[in-house]
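The figures that follow rest on heavy atoms only: side chains count, while hydrogens, waters and symmetry mates do not. Throughout, residue positions are numbered sequentially from 1 according to the sequence presented. Here the structure is a predicted model, which means the values were calculated and not measured.
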Amino acid sequence: MVAVAKAARVSISTVSRSYNHPELVKPATRKKIDAAVRRLGYIRNRAAQTMHGIRSGTIGLIVPTIDHAIFAEVIQAFSDAVDEQGFTILVASHGYDLEREYAVMRKFLEHRVDGIALIGQDHSEETYQLIESQSIPAMTIWNHDVASPLSCVGADNAAAGQLAAAHVTHLGHSKIGLVFPPTTGNDRARGRKTGALDVLRSAGITVPDRWSVEAPYSISDAKDAVGQMLASPDRPTALICGNDVLAQGAVYAALRLGLGVPRAISVIGIGDFKGSREMEPGLTTVRLPARRIGLMAGARLAQSIIHADPRTFRELCEIELIKRDTCAAP
């Protein structure tokens, strides 16, 4: 650090401040320090810093999956936001296994992360207890809940399900099927499904068991499950899907059977992930503002770490119906 300070012609304290509190250092000064660091190959010893109670500069983000585009945009936006505040993220997935999530979080805490971000509100009691016992800044992303025990930034997933169901019923559909992921340990899917069923019940529509299928977050699995449903002469005229991945699988299942979309069957998703607009036909869906959620969550968590702010916040991000080409009147 002494060598960096000499090379950049600044004080040692300015070099330290540039790393630990970059917002307090002028951009031109940070640029000089960065040039010296690159030239000298200087690497901070984070382990030594954390032994003295100094932040590690990392935030742990634990997501259910990184296999699909579902969380890709929110991860990128969250990373962009914390990077602006001088932090780096460590990302891990738990495969929708809450016990595994707890184990991953313990490992993150062993590495002395400065904060933790989790997806949704469904977590084991041990996870919540560990966060409380460690007094670490933590928050949940993706699902807004006024009763959340942790700070949260997200959308109203029940409202997203309601909006999807209202759209297909307003088009005149009464023979409606559901394609959702397993809802155990997944409050986002559970909220969307509950919201959709509430609207259908209010419209006097009952979904037969044979028209309600579960599939994991997989286009191929959704394609197979929906294909079996649509192969029967007695089939729905519209499908409400718990996310865009399942909706894509549903569209491909219909096309494989020679059923025109939306002429023979309408399909609506939830999410508006990358690629949904580029599908042929373009996917009608309910947009969850993933980038806005990630940016807001990252910025709020980083600030709560920097300023040691223990206050709980709950931010609601608005959803939107995106009308494209996979839905039409029956």
TODO: Would you please name every residue forming a salt bridge (Lys or Arg N to Asp or Glu O under 4.0 Å) with Asp244, sequence neighbours left out?
DONE: none

Task: Arg9: partners by salt bridge (Lys or Arg N to Asp or Glu O under 4.0 Å), with sequence neighbours left out - done: none

Task: Residue pairs passing the ring pair (Phe, Tyr, Trp, His ring centres under 6.0 Å) test where at least one lies in residues 138-167, sequence neighbours excluded - done: Phe71-Trp142

TODO: Return each pair, listed once, that meets ring pair (Phe, Tyr, Trp, His ring centres under 6.0 Å) where at least one residue sits in residues 180-223; pairs must be two or more places apart or across chains.
DONE: Tyr96-Tyr217

TODO: Go through the structure and list residues passing ring-ring contact (aromatic ring centres under 6.0 Å, His included) with His123, not counting sequence neighbours.
DONE: Tyr128

- [ ] Output yes when Arg201 and Asp198 qualify as a salt bridge under the 4.0 Å nitrogen-oxygen rule, no when they do not.
- [x] yes

TODO: Answer yes if Phe78 and Leu150 sit in the same cluster of Ile, Leu, Val, Met, Phe, Trp and Tyr residues linked by side chain heavy atoms under 4.5 Å apart, and no otherwise.
DONE: no

Open item on the list: Nearest 0.5 angstrom please: Gln162 CD to Leu197 CG, how far?
Closed with: 11.0 Å

Task: Neighbour count >12 (heavy atoms, 6.0 Å) for atom CG, Leu316 - done: yes

Open item on the list: Within the supplied structure, the quantity of interest is the number of heavy atoms (other residues, nucleotides, ligands) at a distance under 6.0 Å from Gln129 CD; does it exceed 12?
Closed with: yes

TODO: Check whether any side-chain N or O of Ser56 sits under 3.5 Å from a backbone N or O of Arg112 as a donor-acceptor pair, and report yes or no.
DONE: yes

Task: Donor-acceptor contact present, side-chain Arg192 to main-chain Ala158, <3.5 Å - done: no

Would you be so kind as to tabulate the donor-acceptor pairs closer than 3.5 Å made by side chains of residues 246-266, with sequence neighbours excluded?
{"residue": "Ser266", "atom": "OG", "partner": "His173", "partner atom": "NE2", "Å": "3.4"}
{"residue": "Ser266", "atom": "OG", "partner": "Ala328", "partner atom": "N", "Å": "3.0"}
{"residue": "Ser266", "atom": "OG", "partner": "Ala328", "partner atom": "O", "Å": "3.1"}

